[in-house]
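Working notes, structure below.
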Amino acid sequence: IFVPSRIIEQRKMSSKAQLVGYSSIAIVDETNQNLDSANTEESWVQANVILPAKLADASEEIEEGENQKGVSEGEITPVYHDTWCAVLFLIHIAAFLYIGVTYGSVPAMDSGSDKSPNMEDFDTTYSFLKILIPGGIAISFFLTYFITALLLPRHSKLLVEASLYTSLFMWTATALMIFFAFPNIWTILIGVGIVILNLWYIATVRIFIPFAAANLKLAAQAVSSNAGVYFLSFIMGFVGFSWFAFWSYTANGVGLFEEDDTTSSSSQNKTDDYYYDPMNNAALGAKGFGLLLSLYWTLNVLGNITQTTTAGVTGTWCFDKNSASSCCSSAVTQSFMRSCTYSFGSICFGSLLNALVTTLRVMAQWARDSARNDSDGGAALIYCILACILSCIEDIIEYFNQWAYIFVGIYGTSYLESGKRVLELFNARGITAIISNGLASYVLTNVVLSSSLLCGLFGYLLGGFDTVSFWTCFIIGLIISATMMNIVQGAVKAVIVCFADHPHRLYENHPEGTAELSMGISEGFDHVAVPVFNNTVV
């Protein structure tokens, strides 16, 4: 199909305006773009995704006999994707709210005890918790932020090495404890084997330390420069917790937790099941499936909104740092608005697939436990195999989603196209092996554990060496720190995607970090072509 050159030029001019409007895509001059080139000096996404789509739109306009004015400059806006799934999700929320308000109820309290609560003890405990909980939250947040904002950007390589040797120390201590508890030749051999395996692992992955350190450095700088994503993550977490409470209220009202009278006598020995297995009753089974699907879908949507927002913020910081350089920058607000509007359908679509498989896996596990209680070994084996298969599928979908949502957040494409394009990007740039490197998550896990332990120590000292206070603060620290590190983990992946797409644009905005990342790739992945910056191979 012949496309007039005037339309092509107008499309090229308007594409840059679209990138500015989306505010997270690499902004490049397309007039010298070569679509057949694999040169890293151009944006791969621009050349292979955005511009072809614009040319296709132009050809469709010609076929339909429309005027050939193209589009006016600067007026192209992002497109809503997967709207059917967004509508379905909102209908589901409205229906669930109606069911909850109409039929929801709280669990009946046990009236068998005549003891009344001691209000004096209650007041004392409440006064103590008013200090313990806010203190734990503050310590965990500021400690984790200190690590990500100050230590990671300055000493990322040291932290990666420290994480590896901390793991070696922990495994060695575990082996010694096992030996002292069960002193025999077998525990000695197992302990020595554990230590040797850890030493071998450290020696093997040392070559990847520079890459992981540079990747973490860029990601930590991106998130710390836009700390508003942390608060957004806490807000979404609070919404998720509130929704879970309302879900429990609704589930209790519709009878998910109540035990069927006809089978109560046969379930007297089920002392380890809080939820009654609904597979013994078709009605309860249907309720359980619907309620679990609703819960997992909603929680996944909330979590993925945070991930796509983080990706959008990181993409903006990588390609246009001046628009993403403050706590609540325009990158944070615009990325969040895009996640809740243009990309909301894509988020709902991927979350639905994940929630559906997770629900089926949980139902299969319930059926397996029911078969075991009924001494039906054959059925239990079948359900166990089914649960394992569904668990593998769930892992595949989660792995696919984590990269697809990075692409959705940065470039605003649909869910399925994002998953396809991000794999094409990695294959085109030859960096498929890089995405499997997990040293960065190794460090983030150690940050979470360290922050949680220090927060628990605060509770232990404040509570007068009370273990309950320790575990209370430890759990608080774990939740706060894990939430923040989940943001950094998303930024780590977004940096990889941005580097793969347009390393030169990333270098223009962050030369030092990009040069270190390129050098780390050349040292750890010798088969990957190294970009050339300023006519110098880094």
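- Across every non-hydrogen atom of Ser224 and Ala149, the tightest pair is OG-CA, 3.2 Å.
- Thr144 and Ser451 form a side-chain donor-acceptor contact under 3.5 Å, judged by distance and modelled atom types alone.
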| task | Determine, step by step, whether Phe499 and Leu218 satisfy the side-chain contact (heavy atoms from CB on, under 4.5 Å) criterion, reporting the C-alpha distance in whole Å, the side-chain angles of both residues, the deciding distance to 0.1 Å, and the verdict. | result | CA-CA 11 Å; Phe499 181 83; Leu218 287 170; over 6 Å; no

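- Annotation for Lys217 and Pro153: closest pair CE-O, 3.4 Å, computed over non-hydrogen atoms.
- When all heavy atoms of Val301 and Ile347 are compared, the closest pair comes out as O-CG2, 3.8 Å.
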| field | Trace of the side chain to side chain donor-acceptor pair (under 3.5 Å) decision for Ser105 with Tyr249 | value | CA-CA 5 Å; Ser105 65; Tyr249 173 78; over 6 Å; no

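- Relative ring orientation between Tyr342 and Tyr80 is described as tilted, the plane-to-plane angle lying within the 30° to 60° band.
- Ring orientation note: the planes of Tyr399 and Trp403 are nearly perpendicular, at an angle over 60° on the 30°/60° scale.
- Residues Phe96 and Trp243 bring their aromatic ring centres within 6.0 Å.
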| Stepwise, does the side chain to side chain donor-acceptor pair (under 3.5 Å) test hold for His92 with Ser294? | CA-CA 8 Å; His92 138 262; Ser294 173; 2.7 Å; yes

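- Surrounding CD of Glu398 are more than 12 heavy atoms belonging to other residues, nucleotides or ligands, all under 6.0 Å away.
- The backbone N or O of Ala491 lies less than 3.5 Å from no partner atom in the side chain of Thr314, so there is not a single donor-acceptor pair.
- Residues Asp320 and Ser323 bring a donor and an acceptor atom of their side chains to less than 3.5 Å of each other.
- Between the side chains of Ser414 and Asp82, no donor N or O sits under 3.5 Å from an acceptor N or O.
- For Ser418 and Arg421, the side-chain atoms include no donor-acceptor pair closer than 3.5 Å.
- Looking at every heavy atom in both residues, Gly312 comes nearest to Arg338 through CA-NH2, 3.9 Å.
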| task | Any chance you could lay out the side-chain contact (heavy atoms from CB on, under 4.5 Å) test for Leu299 and Trp247, step after step, and finish with the verdict? | result | CA-CA 11 Å; Leu299 295 182; Trp247 179 89; over 6 Å; no

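- Contact between Ile397 and Leu353 at its shortest, heavy atoms only, is CD1-O, 4.1 Å.
- Salt bridge absent: Lys420 and Glu417 never bring a charged side-chain N and a carboxylate O closer than 4.0 Å.
- Smallest separation of non-hydrogen atoms from Val229 and Ile487: CG2-CG2, 3.8 Å.
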| message | Please evaluate residues Tyr415 and Asn401 with respect to the criterion side chain to side chain donor-acceptor pair (under 3.5 Å), reporting the C-alpha separation (whole Å), side-chain torsions for both, the decisive distance (0.1 Å), and the verdict. | response | CA-CA 9 Å; Tyr415 170 71; Asn401 279 354; 2.4 Å; yes

| task | Give the C-alpha distance, both sets of side-chain angles, the deciding distance and a yes or no for ring-ring contact (aromatic ring centres under 6.0 Å, His included) between Phe141 and Phe231. | result | CA-CA 10 Å; Phe141 175 80; Phe231 300 106; 5.7 Å; yes

| task | Verify side chain to side chain donor-acceptor pair (under 3.5 Å) between Ser325 and Ser225, making sure each step is shown before the conclusion. | result | CA-CA 5 Å; Ser325 57; Ser225 299; over 6 Å; no

| request: For the pair Asp501 and Phe319, evaluate side-chain contact (heavy atoms from CB on, under 4.5 Å) and give the outcome as yes or no after the intermediate values. | output: CA-CA 11 Å; Asp501 174 30; Phe319 296 138; 4.1 Å; yes

